[in-house]
Protein chains: 2
Amino acid sequence: MQQKHRRSNRERSDTTRTAILDAARALFIESGYAETPTPEIVAAAGLTRGALYHHFQDKKALFRALIEREAREVASSIERSTVEGLPPREALLAGAAAYFDAMAVPGRVRLLLLDGPAVLGVGEMATIDAAHGGRTLEEGLVAAMAPQGLEKKAIKAMAFLLSAAFDRAALEIDAGAARADYAYAIDRLIDRLIAP
Amino acid sequence: MQQKHRRSNRERSDTTRTAILDAARALFIESGYAETPTPEIVAAAGLTRGALYHHFQDKKALFRALIEREAREVASSIERSTVEGLPPREALLAGAAAYFDAMAVPGRVRLLLLDGPAVLGVGEMATIDAAHGGRTLEEGLVAAMAPQGLEKKAIKAMAFLLSAAFDRAALEIDAGAARADYAYAIDRLIDRLIAP
DNA sequence: TAATTAACATACAGGGTGTATGTATGCAAC
DNA sequence: GTTGCATACATACACCCTGTATGTTAATTA
């Protein structure tokens, strides 16, 4: 009979926190934030609502924590796949592909592109993925569009628009569109944007 | 003393329906869909919840009716501002400007670009604004990109991406960004997309 | 080992949604 | 015009969900 090793409070908290986050994630991506009651979340995690409200201020704070974890994972996934020394154009194309790869994880599109902005607001979402390396695209575009001699303000706006195109493409792919079609469209879009 | 002319059931229904829709619109754009309770909506309309649930199946159906009305207004506003006989490029640029004008009406960005997709889902939103002349952009792009000899499928994808850029620009302008900056960026984006 | 605090579970209060029921007015047939 | 039915609401109710307050056990600290 294996001894049920006495766990420290720290690791106890960690495991329940992630248990709640994992259960919430599964239910949120299935039914959405508003339609997922907290009793169902904690039941799926084998806990009670007392644990939830001990670790998170309220339901929205739980959602925020989940979104932040997801954004971190996307950022690190993209970062992990970048190789140094690529020319600006190829770096952009590779970054786009890495983004689509990361967003292909089930539920990410709904969490980060649908429920996230609606529940937390666009402002907070912008803050979150700015905190987790969301500026990669802008830097890449600055490098690739340098020959055009634009103001930084203009390039920034273009980066916003391009990232919107990325997001829409991820949305469409998630909805069942062929990835190849949108990968082609995105590549073409990038090529025309950075053409001197 | 003016006689309070006895109204027919039809006009009675119409006025209360729009009263509820107007009240809901004001509250939804102020606090969002989820944070706006139905008692507050009907109170603002000088009615009770009985009227609401008589005219709409549930709260979401009310929201859907509101979104459809808003989408109709945007579509007709854009359509009203189009002039015949413009060359493809100028037609696209004018359409973009008309779209930004239409989306400048307070609350439209939140209703159509934030709460709409979150509450109704992207699929239903796509259906709604496809039903109300949402294909204008695609047709414009087909005309303007004809010289490139692309497959229709590819042009369709490009139209999706471009419309995503439009939406993001409207979002940013609504959040306080300078319209001129994004108008310039959109124009530049269009120009590069349709360049032979 | 005694005291304190963290990590939960349980119990409760308030509010919101949807539905069932009641009422008055418009409308249509005779 | 009055009899009967449908429409347009208002009122009342049951359920569920959220957040908070309180209780309990185990870990940490003195």
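Naming convention: chains lettered A, B, ... in sequence-line order (proteins, then strands); numbering from 1 in each chain.
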Fill in: Contact list for residues 121-154 of chain B, test ring-ring contact (aromatic ring centres under 6.0 Å, His included), sequence neighbours left out
none
Worksheet item: Sequence neighbours excluded, which residues qualify as side chain to side chain donor-acceptor pair (under 3.5 Å) partners of A:Thr15?
Response: A:Arg7
Discussion item. Measure CD1/B:Ile41 against C1'/C:dG18 and give the value in whole Å, please.
Written reply: 14 Å
Worksheet item: Who are the side-chain contact (heavy atoms from CB on, under 4.5 Å) partners of A:Glu40, not counting sequence neighbours?
Response: A:Leu27, A:Pro37
Worksheet item: Got a sec, which pairs hit side chain to side chain donor-acceptor pair (under 3.5 Å) with one end in residues 134-146 of chain A, sequence neighbours left out?
Response: none
Practice prompt. Could you name each residue pair satisfying ring-ring contact (aromatic ring centres under 6.0 Å, His included) that touches residues 14-36 of chain A, not counting sequence neighbours?
Written response: A:Phe28-A:Tyr33, A:Phe28-A:Phe63, A:Tyr33-A:Phe63
Taking only distance into account, with no hydrogens and no angle test, what donor-acceptor pairs under 3.5 Å do side-chain atoms of residues 50-58 of chain B form with protein atoms, sequence neighbours excluded?
| unit_1 | atom_1 | unit_2 | atom_2 | d |
| --- | --- | --- | --- | --- |
| B:His55 | NE2 | B:Thr16 | OG1 | 3.1 |
| B:Asp58 | OD1 | B:Lys60 | N | 3.4 |
| B:Asp58 | OD1 | B:Ala61 | N | 2.9 |

Worksheet item: What class does the angle between the rings of A:Phe100 and A:Phe166 fall in, given that below 30° is parallel, 30 to 60° is tilted and above 60° is perpendicular?
Response: tilted
Item to complete: Would you mind building the protein contact string for nucleotides 8-20 of chain D? One character per nucleotide, 5' to 3', B for base within reach (heavy atoms under 4.0 Å), S for sugar-phosphate only, - for untouched.
Response: BBBB-----SBBB
Discussion item. For A:Arg49, give me all partners under side chain to side chain donor-acceptor pair (under 3.5 Å), at least two apart in sequence or on another chain.
Written reply: A:Thr38
Polar-atom pairs under 3.5 Å, protein N or O versus N or O of nucleotides 22-24 of chain D: list them with distances, or write none.
none

